[in-house]
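First listed ligand is number 1; within each ligand, the first listed atom is number 1.
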Amino acid sequence: MAKDSGCVPPEKLPPFYRALKKFASAKKQMWSTPGHSGGAALDYSAIGRDIKKFFGPNIWAADISSSAAEMGSILEHEGPAQAAERDAAEIYGADTTFFVLNGTSTANKVVFFTTVAPGDVVLVGRNCHKSIMHAIIMNEAIPIYLRPLGNRYGLIGPVPQSEFRKEAIRAKINESRLIKAKKARKVRLTVLTNSTYDGFLYNADKISAAMADLTHFMHFDEAWFPYGAFHPFYEKRYAMSPFRRRRGLHMPPVFATQSTHKLLFAFSQGSMLHFRQGTGRKTLDMQGLVEAHQMHASTSPFYPMFATLDASAGIMKQNGYRLIDNAIEEAVYFRSYMQRKSARLARRGDWWFKVLQPDVKTRTKSPEQWALKPAQNWHGFDMGADDDILLDPLKVTLLTPGIGGDGKTALFGIPAGVLGKFLRSRGIVPEKTGFYSILFLFAPGTEIRKTDNLIRALSEFKKLYDINAPLFKVFPDLENFYKEYYPPHAGLRDLCEQMHLFQLRHDIVDAASRLHSELPQQAIAPHKAYYGLAEGKSEYVRLDAAPGRISVFMILPYPPGIPLIMPGERFPDARSGMMKFLKMSELFDFIFPGFETEFHGIKKKWEDRRPVYYINVLRRTKRQV
Ligand SMILES: *Cc1c(COP(=O)(O)O)cnc(C)c1O
C-alpha cells in the first residue's frame, strides 16, 4: 500500500485536533497546570532538555490544563470535545460516543456504573477480560456466566448459541446460590467479548435481537475490534451495526467499548464507548452515562490523547475501508504463504507451522469462507448447528507442532513459548503465546516488509531447531541468569523435546481444553470475598491446600487476562483443568526458568530453591464445614 504524502488544509482536520493544534501554536503564557508549562520549564535542566527533544516540542505545547476555555470541556462534553465525540458517533454508527482516556478497562467500568446497581444480576461471558470482572466486584453485581467453548489448543472460544437460550439462562439463575427471590430476577446487563482474543466474531445483530427480552442492556466489549464499521466483511458482526434498524427487529439498548489504541491510531489507553438506544421502552437516562464517565475519569485529561482519538475517527472515516481492506489482504497473503509452505514441507516429511483457519480456497474476502462450521475439524470447537461465528482473518494464530488433528498430543512437539521467546529476541513481538499456538495481529499499516521479516524469523527458528543449535547461543539470557538449570551442551531442539515431554506427561491438552469451560462453584458474591482481605479474614495457602477453599483474588494468566477463578469461588479438586494447569505451571517454572507464565493473583515465593505458588483464600469460619 502506498504511503500518503498529501497535506490537509486545517479546515479539513477533525474538530478537536484542529482546535488543539491552533491552541498549541498560539504559544500562550499559561499560569496554570501542568508544571512543565508547555515544555518551557524543561529548558532549565539537562534531562529536561533531553526528554523535550526526544518527544518533540509539540507534545508539550499540546499538553494543556483543562482551564483553557477555547478547548471546551472534555468532562462536560462541550465545545470541540463535543464536536469530536459527535463526529465519532456518526462515523461509528452510535447514538452517543464518549472518548475514554484510561483504556477500555475503564470504559467497561463506566458501562457497569451506568447500568447496574449492587445486587443486580449480570450475565457475563466467562471469557471476558479482567476489567469486566473487576467491574463486577466494584459494582457489587451478582454474576452468572456464559460458558465459552474450549479446544485442544487451549484457545478460549466463543460462547455457543445454546448458552443464550431463555431456558439455559433461567436455569443458571435458578441454580445460583447467590441469587435470592429468583422468580423476579431478570438480567440487568449482558456482556460479551467481541471478538474474542483469538478473533472469533459473533453475529452481534442476531445475539442482540435474541437477548432483547432477556436482558435490560447489552454490552459488547470490542477492545480488539474497533474497525467492524469500516469493511463489509464485518457486516452484522459488530455492536453498532446498522442492520437491526432496517429489519425493524426488537433490540435492547446496546453498548460497545473499543480500544482504539490497540489496533488503530490512538495513543495507548485511548478508548471509545459507543451507545445506542434500544427499540423498546427501556431507555437510558444519558445523564447517567455522563456521571459514570466522570466518576471514572481523571480531572486532568491528556489532551493529546483525546486528539489522537479524534484523528483516528477522522482517518477511519476517510480511509477506513482501504486501510482495513489492505490489512485483510496482507493477512490473507501471509496465511496462504504459510499454508502452502506447510503443505510443501509436509510432502517431504518435514515440519512447518500451521495456520488456524478453514480451508480458504480463493483469495476473495467472502465472510462465508471464514465461518466456523460444526462439521469441520480445523477449529477444534464443539460448535452447534445454530452457531454463527466467523474467524477474523486479521487475527492470525500459528500452530506449532505438538497437537494432532485428533486432539491428542503428538510425540513430536515444539512448545510455542520457545518460539515466542526466540521471536522477541529478534525484535518481533507476538501478541500472545499458548502451549502450541502463537497469535499475530494484522493491523492497518502492516505491510509486506513487516510480514516478510516475520517469515524470515520463523524460517531462522526452524533452521536453528533442525540443527539443534546450542541453547545458550540462541538465548544468551538463559546462560546469564539460569546457567545451572540447563545442561551446558543442550541445544534448541533438546529444550523443545524436554518441554514437550513435560507437557505431554502432564496431559496439558486435557487440562487446557477444560480450563475455561469448567466453572468453579460460586460460594459467595465476588465483592464479599474480595473485601475479605481488608477485613482480615483471609490467609495464604499453598496450591495443594487450595481445593475446597474460597478464593479472595481473581487468578489469571496474562495474557490473555481472563480469570480462571473469581473471588468468592471455591477451588475445585486436583483433577480439574484449573488445578492441573496451576500445578503444572508451578513445576514448569522450576524446571524451565526463563519461560515462566505470568500470573496475576498468585504470590510466588522461593522456598528450598524452588518457586512455590501461594493463593489467598478466606479463613475457615465455624459455620463452614
Ligand atoms: C485489552 C482489553 C481490555 C482493556 O483495554 P485497555 O484499553 O487496555 O484498558 C478490555 N477488554 C478486552 C477484551 C481486552 O482485550
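- Using a 4.0 Å cut-off between charged side-chain N and carboxylate O, Asp388 and Lys236 make no salt bridge.
- By the neighbour-count criterion of 12 heavy atoms within 6.0 Å, atom CD of Glu90 is sparsely surrounded, having that number or fewer from other residues, nucleotides or ligands.
- No more than 12 heavy atoms of other residues, nucleotides or ligands shown are found within 6.0 angstrom of CG on Asp382.
- With hydrogens left out, the protein atom closest to atom 14 (C) of ligand 1 is Lys262 NZ, 2.9 Å, a heavy atom.
- Proximity of Asp221 to ligand 1, defined as any heavy-atom pair under 4.0 Å, is confined to the side chain (atoms from C-beta onward).
- Taking atom 15 (O) of ligand 1 as the reference point, the nearest protein heavy-atom neighbour is Trp224 NE1, 2.6 Å.
- Within 6.0 Å of NZ on Lys317 lie no more than 12 heavy atoms contributed by other residues, nucleotides or ligands.
- Between Asn108 and ligand 1 there is a heavy-atom distance shorter than 4.0 Å.
- Ranking the protein heavy atoms by distance from atom 9 (O) of ligand 1 puts Ser105 OG, 2.6 Å first.
- For ligand 1, the atoms lying closer than 4.0 Å to a non-hydrogen atom of Ser131 are 10 (C).
- With hydrogens left out, the protein atom closest to atom 7 (O) of ligand 1 is His261 NE2, 2.7 Å, a heavy atom.
- Not close to ligand 1: Gln269, with no non-hydrogen atom less than 4.0 angstrom away.
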